[in-house]
Amino acid sequence: MTPAHDPTPRQLLDFYVEAGVDALVGEEPVDRFAAVDEPSPARIARAPLPTPADTTRPSPVAPAAAPQAPDEAIMAAREAARNAGTLDDLRAILEKFDGCALKASATRTVFADGNPQAKVMLVGEAPGRDEDIEGLPFVGRSGKLLDRMLAAIGLDRTSVYIANIVPWRPPGNRTPTPQESQICLPFVLRQIELVDPDILICLGGPSAQTLLGIKDGITKTRGRWFTFNTGKRDIRAIATFHPAFLLRSPLQKRFAWRDFLGVKKALAE
Ligand code: URA
């Protein structure tokens, strides 16, 4: 039998990283096991009854506000997004919106990058770790690949506008749930309406499914042109592979290349 021994700090850190822990939420560790340790019956019996003064004193652990029901949150998001007359208004409204639980664990609201007058708008899925730190979409490894893909067709961040379906990083970079996407959808729809691009590019399946209202996966959807109504007019929309997927599956880059060439052609028409 191998003797049991405590993990080294390095092994512990590796374990945390593998488990998806990549951010600290406090300076001091909290022993949650101690916190939930129920008082024993003997301790309850000996505990003094609260005095009237005790019961009026606010509890040091304030109860969390009840989360909003998803339907209510979607309605509130629609109402809030409708009130935004400009992109700056929309950003301010989004920063005050508390209907999506992702906001509580994210560091920042990642609103957009690029040129609000651009003809091309790209919409990804959700910010990752680097975006959460910097407050800008697509600044990490997949962002660097996206920049190279754009450069290949003569575009950069001065000629495109970039946003995400969900503006807050999901914990551990998981895919946002359909519910989280639906709560955030009114904001990105208003963002598209205010930017009013000629071409919309959905990066990855969740973006395509949420914006184009389709059920098919990205392998089936990519490269096809859709008509998308911005709220002002019909524009052309296309879905392609997400750069993060291309980093894991480089052989698929040739298809994304084809899609980007299609965008270049459409821009020239
Ligand atoms: N992936 C996304 O979908 N969006 C980002 O902003 C970064 C990575």
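Everything numeric here is computed off the predicted structure, so don't read it as measured data. All residue numbers in this chain count up from 1 along the given sequence. All values below come from the heavy atoms of this structure, side chains included, with hydrogens, waters and symmetry mates left out. Ligands are counted one by one from 1 in listed order, and the atoms in each one are counted from 1 as well.
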**Item:** Residue His242 vicinity, atoms of ligand 1 by number, heavy atom under 4.0 Å
**Value:** 1 (N), 2 (C), 3 (O)

**Asked** For ligand 1, which atoms sit closer than 4.0 Å to a heavy atom of Pro137?
**Response** 6 (O)

**Request:** Consider every N or O of Asn164 and every N or O of ligand 1, then say whether any pair is closer than 3.5 Å.
**Result:** yes

**Item:** Ligand-residue contact atoms, ligand 1 with Gly124, heavy atoms, under 4.0 Å
**Value:** 3 (O)

**Asked** If you measure from the Lys or Arg side-chain nitrogens to the Asp or Glu carboxylate oxygens, is any gap between Asp196 and Arg233 under 4.0 Å?
**Response** yes

**Prompt:** Is the count of non-hydrogen atoms from other residues, nucleotides or ligands lying under 6.0 Å from Arg174 atom CZ greater than 12?
**Reply:** yes

**Request:** Output yes when the distance from some N or O of ligand 1 to some N or O of Ala126 is under 3.5 Å, and no in every other case.
**Result:** yes

**Request:** Check the pair Thr158, Asp156 against side-chain hydrogen bond (donor to acceptor under 3.5 Å, both in side chains), reporting the backbone distance first and the verdict last.
**Result:** CA-CA 5 Å; Thr158 66; Asp156 60 21; 2.6 Å; yes

**Complete:** The reported gap from CG in Leu203 to CD1 in Ile165 (rounded to nearest 0.5 angstrom) is 10.0 Å

**Fill in**
Counting from 1 in the order shown, the ligand 1 atoms closer than 4.0 Å to a non-hydrogen atom of Ser142 are 8 (C)

**Item:** Atoms of ligand 1 close to Glu125 [distance to a heavy atom under 4.0 angstrom, numbered from 1]
**Value:** 2 (C), 3 (O)

**Asked** With the threshold set at 4.0 Å, does a side-chain nitrogen-carboxylate oxygen contact exist between Asp98 and Lys103?
**Response** yes

**Prompt:** Using the ring of each side chain (for Trp, its six-membered ring), is Phe241 parallel, tilted or perpendicular to Phe255, with breaks at 30° and 60°?
**Reply:** perpendicular

